[in-house]
Amino acid sequence: MSAPPTPSITKIGTDSVRQIVAGQVVVDLAGAVKELLENALDSGAKSIKINLHNQGLDMIEVIDDGSGVPPSDRPLLCEKHATSKLQNFDDLYSDGAEGLTTLGFRGEALFSLAQLSDGMIFMTKVKEEAIGQRVEFGRDGIVIPEKTGKVARSTGTTAQVLHLFAALPVRRVDLQRRIKSQRVKLFRMLQAYAITCVGVKLAVCDVKVVKGKNGKPDNTKSETKLNTGKSTRVQQTVTSVLGTKFLSGMCEFELSLDDAIKKARGGISGMSGFGVKGLISRAPTGELSISAARDLQFFSVNGRPVDIPNFTKAISDAWRNFDSTGKKPAVVLDVKLPNSMFDVNLSPDKREVFMADEAAFCDVLRQKLVEFWGGSDGRFVSNEVEEMSMKAKPALSMSKSKPAARPLAKRVPDPMPPKRKAPPTPSEEDLEQEQEATAPKKRKEAPSGEVTQRGVQPGAASIPAPKASQEDLQAWRKVAKDFNKKDSNSMEGEGEEEEEEEKEKEEKGKDKSSLTSQFLAFKQKVKNPSAGKDNDDDEDEDDDDELPKTKPTPKPTPKPIQKAPAPATAPARTSLPAHTAPPTQTQSQSPPKPPTPPKDTTFASFSSTDFVISSSQLAIRQSKDRKKMLQSIQKTNSQEAAENDFECEPGDRAKANNKVAQLQKRDFGDMEIIGQFNLGFILAKDNRNQNLWILDQHGCDEKFNFERMITSTVIHEQRLIAPLSLELSPSEEDCVLENMEMFEANGFRFSYDETKPPRQRLALTALPHSGSGGDGKRAVQFGPDDVGALCNLLGAHGASSVAGLTAGTGTGADGSGMFGNNAVRRHAGGTSATQTQGKVQAIVRLPKAVAMFASRSCRHSIMIGTALSVSQMSSIVTKLVDLEQPWNCPHGRPTLKHVSRLLDTLLDDEEVLQEIWTPTGESLSQLS
Amino acid sequence: MFEARLTNGSILKKLLEALKDLVTDANIDCSEEGLSIQAMDSSHVSLCAVALRSDGFDHFRCDRNISLGFNSQNLGKILKCADNTDMITLKAEDSADNLTLMFESKNQDRISDFELKLMDIDADHLGIPDTEYKTTIRMPSNEFKRIITDLQVLGDTCTIAVTKEGVRFSVTGDLGTGNVLVRSTNGVDKEEEEAVVIDMEEPVELTFALRYLNFFTKATNLGPSVVISMSPDVPVVVEYPIEQIGHIKYYLAPKIDDAEE
C-alpha cells in the first residue's frame, strides 16, 4: 500500500479543539455544578444558593454574595484558559503568598460550560458599582452585546447555565435519561462541599415549573434540598448535612503532619501547622459508635474536597483492629498541606490528588488512629432520668399491682408486694423532727447508703426516704430551702460522731453555698425536664448560675435512711456502697421490723431484696474518702459537661438530651456488684463516676473467652495428601504471590508451578484447621474458599501492605510459635505490632476464623439463666479490665448498658428518686 | 454390564458409613478385579481408598471397566433402606446414568430396588507410591477408636510415637495432657483379633490432626482390627481390613514439624 499523497496529520481546527477540550472538563451534572460552586467559593462568598431548574436540566443557577466580577473582566469570563486565579504554572505548587489558594485554577470551567450548553448568563455587581450588570455569552464564549444590560442585584454574582450539554446531543440524552443517578452523584458532591466549607451558607433548591391552571400563568415552585446554616465549626456543617445522630458517633481527631513533612523534605521544614484535622467515628466501643458506608468518608485537602483512597485504606486498616462487624468508619477529615506537597492537577474535576510522601502520611495516620481508638473509652447513651420520668408515671401505677421487674434473686422471697410508693415514707412526725433538726437534705458527704440520723434517736429510725406523696415532697423542698438559708449544720448526722462532724462541717462550709444552689437548681431541672437547663435562674434565690450543664455533682444522699441498730435494709438504690449481701442474709433482714409500716420499707420490687446497707460505722468511715472522691468526680463531670456542651449545637435540644456516659476499661476493676437481674444480667456500679451499669453476663464472659482463645488457640497447619490446585483469577493469583507471608501466617502453603497456564499455577499444599470435633469445640477446616476470602481482604486494602506483612508473624503471644496463631489478628495492640518500617499492620484474619472463635467462646461461656454468686459476678466484671475491647461481644452485641447516673439520683429529691426506679426496671426488662 | 452381589450386605452399609463424613463425591471404579473407590476429602487433607476384590462377592460380573460417580450422602441414604441381613446387588449398564441397588431380605420375602442417579466426577486418580513403612501396628480397632475418642477431649492434635515399649498416643491441650500407651502383646496368649502387634524397624514419632483420625475410626465396624503404618514424613496409613473381601485405607499427612519454625 502506498501512502496517500495528502498529509494524514493535520491540525485540528480551533473550534474543534475547543469542543474536544470542553467535553472533557465537564462530563456530568455534578461536574457542572461543582465548577460554578467553586467559582462562588473562590469569590469569597458567604452565602451560596444553587437553583436547579427542572432538576438541573433546564438551567443551573448559582447565586453567591461574593466579590462579583469587575467590569473589565466580564468579557473574558467565558474565554478559554483565562482565569483570575493563577498567573504562573509555578504558583500551583508554591508555598508562598502567591501560592494557589483558590479551588479553581485551570481557566477552563466557564469556557467549557458555555461550549457545552446553550450559553451562560451572568448577573454581577462589584462593591464599587451602583447597579449590577447582566452579561450573556453564546456557545462560543463571546459576549452577546445586544443582550447585555443593567440588572438589580447586590454585590455578588449569579451564574446561569442554560440547557447543559445542549451542544452534545448524546450527552444531553444521556443526562436526561440518567438524571436520577446524576443527581445522586451531584448531591453526594454537594454534601462534601457543604461539610467542608465551614462558614459558608449553602442552599440547594429544586425549582419546578407548575403549570398554571385555568389560564393562570405558570408558577415556579421551589423546594429546598439542602441547607446549611451559618457555621463556624465543622461540627455544625456536619450536623446540618448529616444530622446530630451522625455527629454523636463522631469525635474530633487531629494529627500533625509536621514531622512527616519535615522528614519528607530532608529535615528542613520551616513551616508548621500542617496536618489532618476533623471528625472520625468513635472507636467501636459501645453503642455510640457510628460506622458507615464508604460514601460517608469525606476528605479534603486545603479545603478542597477530594478522594484519598490511600487514607481510606489506612483508616480501614486501623479500624479493623477494633471492629469485628466489618463496617467502615465514617470520616470527615481536612488535610492541610503546603502547596508544594501535593498535586491536584491530575484530572479536570480535581477529585484526585497526589501527595508527596503519601505513604508516610498513611503510616502516621494509621498509627495515630490505632492509638486513638485503642485508648478510647466506652461511651454509652446515658439513660437519663429526666427523659425517663415522663414515661415513668404510667408505668408506676402499673407496678402497683405487678412488680415491674422480677426480683433479682429468686431465692429471696419478695418480702412485700412492691408498692407504688416504694421508698419508705417518713411519717409527718419524722418530717417535723427533721425540720427542727434542720437536717440537711442534701449532704455532700453523706456516704451513700449511710444511715443518717438527723435528730432522731438512733433506733427510732425515721425514714424520710424517697417518697412520693405530695405533702412530703413539699416538706422536703421546704426543708431544703430552710437548710440553705440557715446555713445549717451537720451533714453527717450520726449522733455518735457528732464531734467529728463539727470539724467536717467547717470544711464543708465553704462548699456549702455553691452546693446548695447547685442542688436546688438541679432539683428544679429535674422537675422540669423539658425546660432543660435554661431555667436555672427562674426560681431559686440562691442560684448563682454557675451550674455546669450536666449535673453538678455533689453527691448527697438525698434521703436519709433509716437508721437501725443492726445493718438495716437499705432502700439502697443508688448511692450505696452497695454491699450485696448473700441472699440468706438479705432474707433475714429484708422483712424488717420497721418503725415505718412494713409496706413502706420495700422498694420497687427488685431493688428491695438485694441491697443491704453497710453498717453505719463503715459508712461513716467511708464518708471522708467519699467527700474527696465526690469532689473529684464533680470535677470530671464538669469536664464532661464541657465536652458535651461542645458537642451540642446551640439550640440543639435533641442533642442535649443525648448525654453520654463514659466508662474506661480500668473502671471495670473498680465496680461494685449490686446483684444479678433476671438470671442474665449483672448490675454493677462503677466507683469513679457513680454510674449504674447493667452487664450481660454471657456477653462479658464470652468476650473474655474470645480474646483469650484468640491469643492462645493454636491453628494447625495441615499438609494435604495431594496438592490442591486452585483456579484463581489473575489478580487473586497475584495477590497470593504478593502476600505469601500473610497466607503462610494464616496457615496456608502453596506450591507454584510456572509450567502450568496462568491462573492455575498455584496449588495448595497445606491448609489451616483447628479443633478436633470431639470435645464440643466444633472443628473447623479451612478450605480453598478461604484463600479467596483472604485475597478479598488483602486485595481490598492490600497493595501497600507488602512492607508491613511481617508484622505479627514473629510476635506469637503464646510463644507456641505456631504459624497458625497469627491467623487471627494479634492482640498486641497498635504499638507492639509496629514493625521496623514503622508500619502498623494487623494480621488480616480470616472471617471464618473469627466466626469460629466467636462460636467457641460463646459455647464456653456462662449462659443466660445461670444463677451467679457475687464472687462469680465480680470475677466476670473484673476480667473485663484486661480485655482489649470489652464493649461488644464477639458477635457485635453490646456487653453493657448504662442504667442511670447515680450521682444525679443522689442529688435529687424524692420525686425523682421514686421515679428512677420504674424506668430502671423498665429498661432492664427491655434489655432482657 | 456390571453386576455384583454381596450376601453380607451390611458390609456396604458400613462402608458408606465410613466414607460419607469424609468424602462427599467419589467414583466407584469397577473392573474385573473388583471394586475400588479412591477419594479425597473436600479439602484434600486426607485420602481414602477402598478395595473390594471380585472374589469376595457371591456373584461378580464386569464386562468392561466403568466408573460410577456417586454422592456419598445420597448413596448412604439409599443403603439405609437395606437391612443388615439383606443381600445387596449392584447393577449398572455400561453407559448407564443410574446405579441399581437391589435389596433382598434373607428369606426372600421382600425385595426392594432403588436407582441412584450417577454423577460425572472428574477426580484425579492419585498414584499411591508403594512405601516401605518403618513401623506397622496392628491393634484392635475398638481400642484405637477409644483412644482417639478419649484424646479428643483434651486437644486437637495427637502424637503417635512407636518405640520398643509400645505405641504411645499423646495429646496436649488447654485442659492438660494425656498419654495412652499400648503395649505389644507379642508372646502373650491372646486371640488374634485382640492382639497388639508392633512391627518396628526404627522408632517413629508423628503428629496428626485428631479430627481426621476420628473420621477414620468410623470404619471401626468394618473389621475387628486396624493396621497403622507409619514412616517419618510420609502420610500415615490407617487400614481396616474387611474380612475376606478387601480393605479400606486412609491416608493422612503428618503435621509439619514444629522445629521448622
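So that the names make sense, note that chain A is the first sequence line, chain B the second, and so on, each numbered from 1. Note that the coordinates shown come from a computational prediction; the quantities given were computed from them, not determined experimentally.
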Engineer: I'd like to know whether CZ of R759(A) has more than 12 heavy-atom contacts from other residues, nucleotides or ligands below 6.0 angstrom.
Structural biologist: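 Above 12, so yes.
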Engineer: Under a 3.5 Å distance rule, please check whether Q718(A) uses its side chain to pair with a backbone N or O of S46(B) as donor and acceptor.
Structural biologist: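 Here the side-chain-to-backbone pair does not exist.
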Engineer: Mind checking what makes ring-ring contact (aromatic ring centres under 6.0 Å, His included) contact with F144(B), not counting sequence neighbours?
Structural biologist: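 Here no residue qualifies.
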Engineer: Determine whether more than 12 heavy atoms belonging to other residues, nucleotides or ligands lie under 6.0 Å from atom CZ of R761(A).
Structural biologist: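 Atom CZ in R761(A) is crowded, with more than 12 foreign heavy atoms closer than 6.0 Å.
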Engineer: Quick one: are R719(A) and V45(B) in side-chain contact, heavy atoms under 4.5 Å?
Structural biologist: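 They are not in contact (no side-chain heavy atoms under 4.5 Å apart), so the answer is no.
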Engineer: Should we count CD of E243(B) as having more than 12 external heavy atoms under 6.0 Å?
Structural biologist: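 Count not over threshold, so no.
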Engineer: Between H44(B) and L764(A), is a side-chain contact (heavy atoms from CB on, under 4.5 Å) present by the stated rule, with each step listed?
Structural biologist: CA-CA 9 Å; H44(B) 278 217; L764(A) 275 169; over 6 Å; no
Engineer: side-chain contact (heavy atoms from CB on, under 4.5 Å) for E717(A) and K255(B)? Distances and angles first, verdict last.
Structural biologist: CA-CA 7 Å; E717(A) 188 176 319; K255(B) 227 164 84 65; 6.0 Å; no
Engineer: Does any backbone or side-chain atom of L252(B) lie under 4.5 Å from a heavy atom of chain A? Answer side chain, backbone, both or neither.
Structural biologist: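 Both parts, backbone and side chain.
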Engineer: As an exercise: rank L724(A), I721(A), D785(A) by heavy-atom pairs under 4.5 Å with chain B and give me the winner.
Structural biologist: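 Max contact count across the listed options: I721(A).
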Engineer: Does any backbone or side-chain atom of L767(A) lie under 4.5 Å from a heavy atom of chain B? Answer side chain, backbone, both or neither.
Structural biologist: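 Contact with chain B involves the side chain of L767(A) alone.
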Engineer: With the side chain counted from C-beta on, respond yes when H716(A) and F208(B) share a heavy-atom pair under 4.5 Å apart, and no when they do not.
Structural biologist: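 They are not in contact (no side-chain heavy atoms under 4.5 Å apart), so the answer is no.
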Engineer: Taking the side chain as every heavy atom from C-beta outward, state whether S770(A) and D156(B) have any atom pair closer than 4.5 Å.
Structural biologist: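 S770(A) vs D156(B): side chains touch.
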Engineer: Looking at E202(B), I want to see if its CD is surrounded by more than 12 non-hydrogen atoms of other residues, nucleotides or ligands under 6.0 Å.
Structural biologist: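 Correct, the count exceeds 12.
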Engineer: Once you round to the nearest 0.5 Å, how far does CG of L720(A) lie from CG of D41(B)?
Structural biologist: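 Those atoms lie 8.5 Å apart.
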